[in-house]
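Small disclaimer: the values here were computed from a predicted structure and weren't measured. Every number for a ligand or one of its atoms is a count from 1 in the order of the listing. Just the heavy atoms: all of them, side chains too, but no hydrogens, waters or symmetry mates, feed the values below.
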Amino acid sequence: MSATQLLEVRNLSVAYRQGAGWVRAVDDVSFALRPGEVFGLVGESGCGKSTISLQLLGYRHVSMRVEHGEVRFKGVNLIDMSRAELDELRGDRIAFVPQNPTTALNPGIRVGQQLAETLLAHGRADKESAEATIAGILKLVGLPADPAFQRRYPHQLSGGQQQRVCIAMALACDPDLLVLDEPTTGLDVTTQEQIIALLSELRGRIGVAMLYVTHDL
Ligand code: ADP
Ligand code: MG
């Protein structure tokens, strides 16, 4: 591990349970990201991109196993981390932007409240400071920050606005690494371009490293 790397994936192999055996979905994958760097993970559907993304978040499941390799974040191997250690890291130092914002957002909770819960969960704001912090994050991702907008439910937003809320939630704790798994796949072409422009602008403004997953070259 060189000191300049933020993330280092080394010889990662992951398998899924299938019947009585295991089938390998990721076979000996290695790559590294420096702080602030953008890395594109590109490949056809089913080649294992999401499986790799999930391992960057320390995802565990009984029907999935890491057969080999390391995922080092700031030198520490995520594969060996406890659930409590991962909970501290996830959403805080490493954040995730999903493919489908509609299912990622809680349909019964207002936009402002969802952001508040993220901030409070990681001790990034108290009840008094949350409002100002939320307004700042909404502006950062190009959304209206007024109270009326914050009171909206996810279904009252366009797909592009929903994805901006997901990006806002991911950025809420000022992470070092953003994992984006096909963040524009469910959006129409014009909205896709706007989200990509936003991400590129954010990279310049806040210098967060990004692992950008797509099947679309
Ligand atoms: P991608 O994101 O590149 O489309 P995935 O990582 O989702 O690919 O899937 C890689 C392979 O692992 C595929 O062959 C897929 O069918 C298989 N796979 C993914 N998730 C599971 C699962 N929960 N159980 C069994 N096989 C899975
Ligand atoms: Mg995928």
With Arg124 as reference, evaluate Thr133, Asp92, Asp174 under the side-chain hydrogen bond (donor to acceptor under 3.5 Å, both in side chains) test and give the passing residue. Asp92

Verify the distance test for Ser50 against the Mg ion (ligand 2): any N/O/S atom under 2.8 Å, yes or no. yes

May I ask you to decide whether Arg203 forms a salt bridge with Glu201, counting only side-chain N to carboxylate O separations under 4.0 Å? no

Consider side-chain contact (heavy atoms from CB on, under 4.5 Å). Of Leu86, Leu177, Leu7, which one does Ile94 pass it with? Leu177

Heavy-atom pair of closest approach, residues Val97 and Pro183: CG1-CB, 4.1 Å

Between Asp176 and Lys74, is the closest basic N to carboxylate O distance under 4.0 Å? yes

Proximal protein residues to ligand 1, non-hydrogen atoms under 4.0 angstrom: Tyr16, Ala25, Glu44, Ser45, Gly46, Cys47, Gly48, Lys49, Ser50, Thr51

For Phe39 and Tyr212, I'd like to know if the aromatic rings sit close, meaning centre-to-centre distance below 6.0 Å. no

